[in-house]
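Written out below as structure tokens is the structure these notes cover.
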Amino acid sequence: MQKNSDNFIDFKNFPKNYDYQTVEKKISQYWEDNKIYKFEPHDKSRNVYSVDTPPPYVSSSHLHVGHVMSYSQAEFIIRYKRMKGFNIFYPMGFDDNGLPTERYVERKYKINKSKITREDFIDLCLKETKIGIEVYKSLWKSAGISADYGLSYSTIDERCRKTAQKSFLDLYNKGLIERRNEPILWCPQCRTSLAQADVVIEEFSGVLYDIEFKSSSGKNLIISTTRPELLGGCVAVYASPADERYHFLEGQSVKTPLYNKDVPVKYDESVDINYGTGIMMVCTWGDVEDVRKWKEHKLDTAIVINKAGKLNELSGKYNGLSVKEAKKALVEDLNKLSLIKGEKPLIHNVGVHDRCGTPVEFILAEQWFIKILDNKDKFISAGNQMTWHPEFMKARYEEWINNLKWDWNISRQRFYGVPFPVWYCSECGEVITAAETELPVDPVVNLPTVNKCPKCRGKGLRPETDVMDTWMTSSMTPLINSQWAYDDVESKELLNMIYPMGLRPQAQEIIRTWLFYSVVKSIYHTESVPFKNVMISGWGLDKNGKKMSKSLGNFVGPEDIISKYSADALRYWASKANLGQDLRFSEEDVVSGRKLLIKIWNAARFLITNIPPEFNPYEKKISGLKLNQIDKWVLTEFENALKICENNMESYEYSFSLKTASDFFYNVYCDNYLEIIKNVFWDEGEENTDRKKTVLNVMYFVSLNILKVFAPFIPFITEELYLSFYKNFEKDNSIHLSNWPEFKKELIFSDSVNISGILLNILEASRKLRTNLNLHQNHKISKILIKTLNPGYIDIINEISGDIKSAVRAERVVFSDKADFKTADENIFISLEK
RNA sequence: GGGCGGAUAGCUCAGCCGGUUAGAGCAUCGGCUUUACAAGCCGGGGGUCACAGGUUCGAAUCCUGUUCCGCCUACCA
């Protein structure tokens with residue numbers, strides 16, 4: 001026997017059991033040592049398939065099987081593409097700047113940003129970031145994620161800071177970014193401004209208060225509001241222009257209760273005649289609609305809430321109270337004056353900060369905005385230039401864009417993030433930006449290249465202390481990966497090679513953020529979409545269909561499942577969800593996965609332990625062997641399955657591909673083909689020698705190729721079998737670098753399916769008879785009697801009588817009218833004789 | 001309020017651009033152990049395809065409406 005290597009397993013003593021714990025560790029090390037997944041930047045012979053891997057928050061020790069599920073689903077496709085010959089650019093990123101990390105550190109150390117210095121806080125964040133990266137790396141490796149870890153980035157590292165800052169400068173120079181003083185969304189808990197995408201709507205139960213106001217003509221007016229605490233900030237009352245009840249108020253003013261402030265009466269179409277009394281108060285600012293009216297109708301400004309979420313001096317005696325306390329106190333005071341005419345409990349929708357659940361407020365502050373409202377059309381059309389898997393997810397992207405109401409506020413009043421490359425003249429306020437060559441800079445530490453204000457020549461310059469929204473950096477991942485911020489030749493070559501990226505895999509809940517912002521950036525910076533394909537995974541749910549989370553206690557940790565059942569088995573579970581569909585975690589499915597592994601192991605063992613020393617699978621082409629009908633059948637079925645698998649992988653429908661491969665493997669290859677041919681190996685007779693050789697070659701061909709189809713899903717066991725056995729006859733150093741099986745038309749024998757159908761019907765009937773007779777399936781019998789009502793079958797049955805004998809373990813096949821057990825083909829009857 | 005996805009066997013899900021008797025895995029029941037695999041094999045039972053209409057020779061599949069679950073989105077203060 002020719003062997004390529006000596007350190008592999010002795011075939012005759014091939015292990016009976018598959019020891020996945022040892023094997024997965026060993027294989028993982030093998031991949032790392034041999035750089036199996038390394039991207040080759042100088043290889044021009046292959047096409048590139050580049051992946052914009054989701055960088056998870058390292059700060060969260062929240063990893064559950066659902067995360068492994070979504071990474072695996074993308075990875076099935078990536079491994080397939082690798083086998084199709086693509087040069088795979090598959091980096092691993094870690095998103096560790098910004099609020100998510102800060103929140104994590106605050107909770108872990110029970111601190112908040114007001115109780116610690118900026119430096120100490122950043123140190124803690126960096127420390128946790130390092131720990132988090134190691135945890136992630138080790139999990140992804142044990143799960144078999146085939147990223148090239150040499151391409152890793154962390155969104156707080158120098159390259160990412162430089163890229164985010166260059167993005168800022170580029171947009172600033174293009175006039176797409178500007179500093180504006182206007183009402184912004186504010187989280188009183190995190191003490192920072194937010195963007196629309198950081199706010200989610202939650203239902204709260206509240207009370208709708210009917211409060212009595214007085215018009216300047218002395219008439220009482222009832223106004224309904226859920227936020228009486230904002231009364232001091234009331235700057236106008238509004239009615240619908242169509243509401244005749246309030247036409248009399250035109251030109252009048254209205255006096256607010258408690259504050260006795262005169263505010264104008266205004267009319268706007270947006271007021272619902274049927275809500276409350278049809279008249280509403282507008283404060284600066286209770287909600288988005290207040291902001292709009294304030295802007296459009298140039299209303300007064302009266303801000304009663306400060307950055308801590310407490311009422312300020314403008315609220316009078318309520319100064320210093322929290323929103324909640326103030327609401328209570330105001331309601332009491334109004335009640336004392338009998339000005340509350342009704343209270344109705346209601347459920348209403350309130351915008352809250354998605355990181356902490358605190359209701360957002362509106363405050364006035366100077367912030368940096370990226371203009372996005374002007375270019376909605378461009379972003380929608382970019383969406384149409386990408387292929388969405390599944391397609392219906394595109395609707396969410398479009399819906400989000402259509403509903404955008406704010407430009408993207410990227411200023412955050414936090415510590416741990418990428419700084420703005422900006423200083424201000426303390427005299428005239430002029431903005432001084434860093435030079436591109438200096439990036440990354442920290443304006444708090446570094447000085448600008450100019451030493452005085454270019455506009456007023458003032459010498460005092462103060463740094464911007466806000467940091468950028470974390471999405472300002474993560475939206476750059478396609479450009480971070482492509483070295484867009486660097487001008488050297490090699491970087492430019494890489495950019496041309498991998499950008500736009502081939503694939504963006506991600507979860508559905510960050511369509512509005514990561515996906516949308518990435519498109520914005522790429523369109524603005526490169527006038528191109530950031531990627532060609534978008535793959536949106538569903539969620540891994542618990543067994544009751546609820547989203548997994550630590551706090552709910554329905555959390556299944558991937559490490560436990562991997563050590564109990566193997567990573568391959570966990571990935572098998574992940575493959576069960578159609579793309580974009582949620583999947584309940586089911587330990588039973590993981591068990592099924594493990595069963596598949598064991599079956600694959602044993603089927604391979606059957607081949608391996610029967611291999612004679614002189615075996616050479618490539619002595620002859622498969623189509624040149626003397627094939628029986630049953631061999632032709634298994635080859636035909638394999639080629640058909642292969643075609644289906646390939647088509648499904650091409651359209652990112654991995655789930656159906658694995659199902660097709662498994663069905664073929666169980667039903668065709670193991671349960672029938674192997675069962676039919678196996679007794680060739682029980683008989684050492686001379687006459688079997690050629691037959692043995694043929695079936696070994698067929699088995700080698702089919703088992704190797706089906707193993708390749710399985711490889712993207714269950715990379716460990718397929719690699720182990722490849723290296724320990726097939727590698728003796730194959731050239732590639734890894735099954736994952738080997739070629740995806742090529743469809744071979746010459747192995748489709750169209751007759752064989754019908755002809756073998758006769759054999760399979762006979763076999764099935766024989767199995768039923770044996771069950772009825774309590775007869776072991778392998779127990780040899782002397783005769784099988786066959787009767788056929790179709791004369792055309794006689795020649796066929798004669799031709800395949802060898803296979804029939806082998807299949808039903810009979811010494812002889814005899815035509816006889818005594819056969820009386822009807823097979824699934826009603827033209828064929830059989831009987832067995834012991 | 002608008003939109004999307006889902007509802008198929010006891011459970012988890014395929015099938016859905018119309019076409020024999022609706023499938024798989026798990027669970028369940030019966031049987032089978034020297035000869036790859038008992039973490040196995042063989043066989044059986046189990047479904048008015050959410051509901052109501054419609055189109056059609058023919059509907060789980062297409063159309064309309066309804067109900068329930070999940071998600072996205074939304075200013076009813």
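Side-chain atoms are counted along with the backbone in the values below, which use heavy atoms only and exclude waters and symmetry mates.
- Scored by the side-chain contact (heavy atoms from CB on, under 4.5 Å) test, A:T256 finds A:F213, A:C234, A:Y259, A:K261, A:V263 as partners (sequence neighbours excluded).
- In this view, A:Y397 and A:W388 satisfy the ring-ring contact (aromatic ring centres under 6.0 Å, His included) rule, not counting sequence neighbours.
- Legend: residues meeting ring-ring contact (aromatic ring centres under 6.0 Å, His included) with A:F716, ordered by chain and number and at least two apart, are A:W31.
- Qualifying salt bridge (charged side-chain N to carboxylate O under 4.0 Å, His left out) partners for A:D210, counting only residues two or more places apart in sequence or in other chains: none.
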Exercise. Dot-bracket for RNA chain B: what is it, with Watson-Crick or G-U pairs under 3.5 Å, [ ] where a pair crosses earlier ones, and | for a pair to another strand?
Worked result: ((((((((.[[[[.)...(...]]]].(((((.......))))).....[[[[[..)....]]]]])))))))....
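- Residues of residues 568-583 of chain A that place a heavy atom closer than 4.0 Å to RNA chain B, in numerical order, are A:N578, A:Q581.
- Partners of A:R396 under the side chain to side chain donor-acceptor pair (under 3.5 Å) rule, at least two apart in sequence or in another chain, are A:Q508.
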For this session: Encode nucleotides 30-47 of chain B as B, S and - characters from 5' to 3', where the letter depends on protein heavy atoms closer than 4.0 Å: B to the base, S only to sugar-phosphate, - to neither.
Result: BSS--BBB-BSSBSS---
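- OP1 or OP2 of B:U73 lies within a sub-4.0 Å distance of a side-chain N or O belonging to A:R512.
- Taking A:H64 as the reference, A:H67, A:M548, A:F555 meet the side-chain contact (heavy atoms from CB on, under 4.5 Å) condition, with sequence neighbours excluded.
- Here the side chains of A:L330 and A:L231 are in contact, with some heavy-atom distance below 4.5 Å.
- Residues satisfying the side-chain contact (heavy atoms from CB on, under 4.5 Å) criterion with A:V668, sequence neighbours excluded, are A:W633, A:V634, A:E637, A:F664.
- Under the ring-ring contact (aromatic ring centres under 6.0 Å, His included) criterion, A:Y20 pairs with no residue, sequence neighbours left out.
- Evaluation of the side-chain contact (heavy atoms from CB on, under 4.5 Å) rule for A:K266 yields A:A236, A:Y238, A:P264, A:H297, A:L299 as partners, not counting sequence neighbours.
- Of the candidates B:C72, B:U12, B:A14, B:A14 carries the atom nearest the A:F656 side chain, counting heavy atoms from C-beta on.
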